[in-house]
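Just below is one structure, and these are the notes that go with it.
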Amino acid sequence: MQPATAAPSLQQKFKHRPIVFVHGYNSASGVWGNMIDYAADYGYDRGELHAFNYSDLTYKGSRTEIEAIAKNRLAPYVTDLAKKSPDGKVDIVAHSMGGLVARAYLRWYGGAALTKHYVAMGTPQHGAPVANALKILCGAAFDVQCKQMQVDSDFIKALNSKDGPGPTPGPTKYATFRSNIGDEPYASACDELQLGWPWATLGNATNRVSPCIAHGDFYHDPWTQRRSLDFLQDGANTPQWVKTECTNLTHAKEKDNWVEAFVETCLVGRKKNNRTTVGPELSIRGCGYRRYFWKQWHYTGPNQSCFFHAVVDVAKNGNPAIQAGDNGPRRSRAIDTDFNKSDAYTGSAVYTDRYKSLHISAFHEGKSIDMPGWRSPSLGMP
């Protein structure tokens with residue numbers, strides 16, 4: 001077992017607001033190595049990236065409650081680290097049960113006052129059905145944390161109670177990332193441990209769906225890494241300034257109900273090294289087909305694909321800025337983003353987009369969905 005990681009002593013303040021990475025159940029801080037490397041390339045100094053470790057308290061059979069980890073370990077760790085932050089706060093990025101440890105800290109131990117952003121990857125915000133399935137094993141091993149992650153546990157009920165500060169106490173901003181959309185049969189699930197909506201989402205939060213990845217792959221996935229760090233960027237105390245406006249994840253079906261997909265469109269503005277750009281992004285998940293004559297969807301996974309063809313116009317202050325899209329069908333492996341076309345600008349601007357066409361076809365059935373006139377919310381840029 002690794003000892004708990006000590007927070008740095010108070011010295012010169014960091015250039016950027018530090019990030020605290022919180023691992024999950026029966027895990028350790030070393031899982032964040034790839035994510036920390038990515039964050040360093042993103043623009044953070046390595047001294048601003050801190051993998052909080054409590055592996056000596058989380059293992060199969062542990063009798064340490066999640067609240068105790070939050071109060072006795074995470075709270076003092078963040079308090080010391082925030083003293084070196086340029087704005088006196090930290091950002092928290094957590095995986096799995098680590099997201100519950102962080103939320104317990106935010107709700108009950110003063111964490112909301114010291115935490116600017118909270119990001120959770122694959123966290124059982126409303127309990128994990130798999131923990132309920134293992135209820136007998138949890139009891140046999142006297143595993144307190146396993147019991148606390150059950151859907152009907154007193155801990156989950158208290159954490160999500162609307163009393164007092166509520167489930168998402170402010171002024172902290174919240175985001176969640178889940179791998180499963182939420183209506184998959186278990187056999188088609190990407191995340192084998194944490195189901196999708198509503199288990200992994202929060203009210204008053206930005207809730208996004210990642211590519212089709214396993215539970216232990218969130219901190220290795222480039223899409224999730226980038227969007228997690230993008231959520232933290234305010235420009236004042238971060239390496240970049242990023243603003244994203246997206247539609248809700250929208251369910252679309254072919255007229256005969258044989259093909260379906262989930263679609264999210266976004267406009268993303270980014271400022272780095274004095275260069276500001278804005279461009280469209282398109283995400284497609286769950287593109288699949290009804291496999292039998294009853295309602296059981298077969299979702300495309302990492303080794304399967306559908307095809308799409310999209311064209312989008314982006315306007316700046318009402319005037320045409322860019323047109324992005326494809327000249328022909330493009331293969332999508334569960335998710336596809338970034339048309340690699342953007343408009344650089346100076347001065348303030350308001351961007352809008354209009355997806356002139358979006359054509360999605362399942363690779364198996366040969367049927368398709370057409371979604372004309374798609375658009376995401378407008379994006380105001382300073």
Side-chain angles (χ1 to χ4, degrees), residues 19-25 31-32 35 66 70 90-107 111-112 115-131 149 151 155-156 159-162 165-184 189-233 242 244-250 262 264 266 281 283 285-286 334-335 337:
I19 303 177
V20 177
F21 297 97
V22 185
H23 66 79
Y25 172 76
V31 298
W32 293 107
M35 180 80 177
I66 293 173
V90 305
D91 290 326
I92 293 179
V93 177
H95 175 249
S96 194
M97 191 189 82
L100 299 181
V101 173
R103 280 188 60 207
Y105 164 60
L106 291 170
R107 174 153 193 170
T115 306
K116 186 75 171 183
H117 300 92
Y118 162 96
V119 174
M121 306 172 178
T123 293
Q125 306 287 2
H126 301 274
V130 69
M149 286 189 285
V151 173
F155 170 77
I156 289 295
L159 190 64
N160 292 306
S161 170
K162 295 182 180 179
T168 53
T172 307
K173 297 179 181 179
Y174 295 78
T176 72
F177 291 84
R178 68 188 191 276
S179 178
N180 297 326
I181 295 166
D183 70 340
E184 301 94 335
C190 301
D191 184 336
E192 72 283 10
L193 295 181
Q194 175 58 40
L195 299 180
W197 182 93
W199 310 108
T201 62
L202 288 171
N204 193 33
T206 298
N207 298 299
R208 302 198 68 181
V209 178
S210 74
C212 183
I213 51 178
H215 188 70
D217 288 342
F218 281 95
Y219 27 68
H220 303 303
D221 175 62
W223 186 93
T224 308
Q225 289 175 334
R226 183 178 186 185
R227 273 66 186 182
S228 296
L229 295 182
D230 282 352
F231 182 75
L232 311 180
Q233 306 307 301
V242 180
T244 304
E245 291 287 349
C246 299
T247 62
N248 293 324
L249 192 71
T250 302
F262 289 81
E264 178 187 65
C266 302
E281 288 188 351
S283 302
R285 266 297 311 272
I335 191 168
T337 64

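Model, not experiment: these values are computed from the prediction. Heavy-atom basis, side chains included; hydrogens, waters and symmetry copies ignored.
For the atom pair CZ (F21) and CE (M121), the distance works out to 7.5 Å, reported to the nearest 0.5 Å. The line from CG of N248 to CZ of F262 is 12.5 Å long, rounded to the nearest 0.5 Å. Between the NE2 atom of H220 and the CE atom of M35 there is a distance of 11.0 Å, given to the nearest 0.5 Å. Atom CD of Q225 sits about 11.5 Å away from atom CG of D230, to the nearest 0.5 Å. Taken to the nearest 0.5 Å, the CG atom of D191 stands 9.5 Å off from the SG atom of C212. Taking CG of L232 as the reference point, atom CZ of R227 lies at 13.5 Å (rounded to 0.5 Å).
A donor-acceptor contact shorter than 3.5 Å is absent between the side chain of T176 and the backbone of L202. Within the 3.5 Å criterion, the main-chain N or O of R226 finds no donor-acceptor partner in the side chain of S228. The closest donor-acceptor contact from the side chain of N207 to the backbone of T201 lies at 3.5 Å or more, if one exists at all. Between the side chain of Y118 and the backbone N or O of L106 there is no donor-acceptor pair closer than 3.5 Å.
Residues R107 and N160 have side chains that never bring a donor and an acceptor to within less than 3.5 angstrom of each other. Checking H215 against S96 by side-chain atom types alone, a donor-acceptor pair falls below 3.5 Å.
V151 has its side chain within reach of W199: a pair of non-hydrogen atoms, C-beta onward, lies under 4.5 Å apart. Looking at heavy atoms from C-beta onward, R178 lies out of side-chain contact with R208 at the 4.5 angstrom threshold. Using a 4.5 Å cut-off on side-chain heavy atoms (C-beta onward), I92 and Y105 make contact.
Listed here is the closest heavy atom pair of V93 and I19: CG2-CG2, 3.8 Å. The two atoms that bring A94 and T123 nearest to each other are O-OG1, 4.5 Å, heavy atoms only. The two atoms that bring P211 and S179 nearest to each other are O-OG, 3.4 Å, heavy atoms only. Here the closest non-hydrogen pair linking L100 and M149 is CD1-CG, 3.8 Å. Scanning all heavy atoms of the two residues, the minimum distance from A200 to Q125 falls at O-CG, 3.6 Å. Between F218 and T224, the closest heavy-atom pair is O-CB, 3.8 Å.
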Under 3.5 Å, sequence neighbours excluded: what are the donor-acceptor pairs made by side chains of residues 165-174?
unit_1: T172; atom_1: OG1; unit_2: A112; atom_2: O; d: 3.3
unit_1: T172; atom_1: OG1; unit_2: T115; atom_2: O; d: 2.8
unit_1: Y174; atom_1: OH; unit_2: P169; atom_2: O; d: 2.7

Could you go step by step and tell me if M97 and H23 meet the side-chain contact (heavy atoms from CB on, under 4.5 Å) rule? CA-CA 7 Å; M97 191 189 82; H23 66 79; over 6 Å; no
Go through L159 and F155 one step at a time and tell me if the side-chain contact (heavy atoms from CB on, under 4.5 Å) criterion holds. CA-CA 6 Å; L159 190 64; F155 170 77; 4.1 Å; yes
Residues C266, T244; criterion side-chain contact (heavy atoms from CB on, under 4.5 Å); working and verdict: CA-CA 7 Å; C266 302; T244 304; 4.2 Å; yes
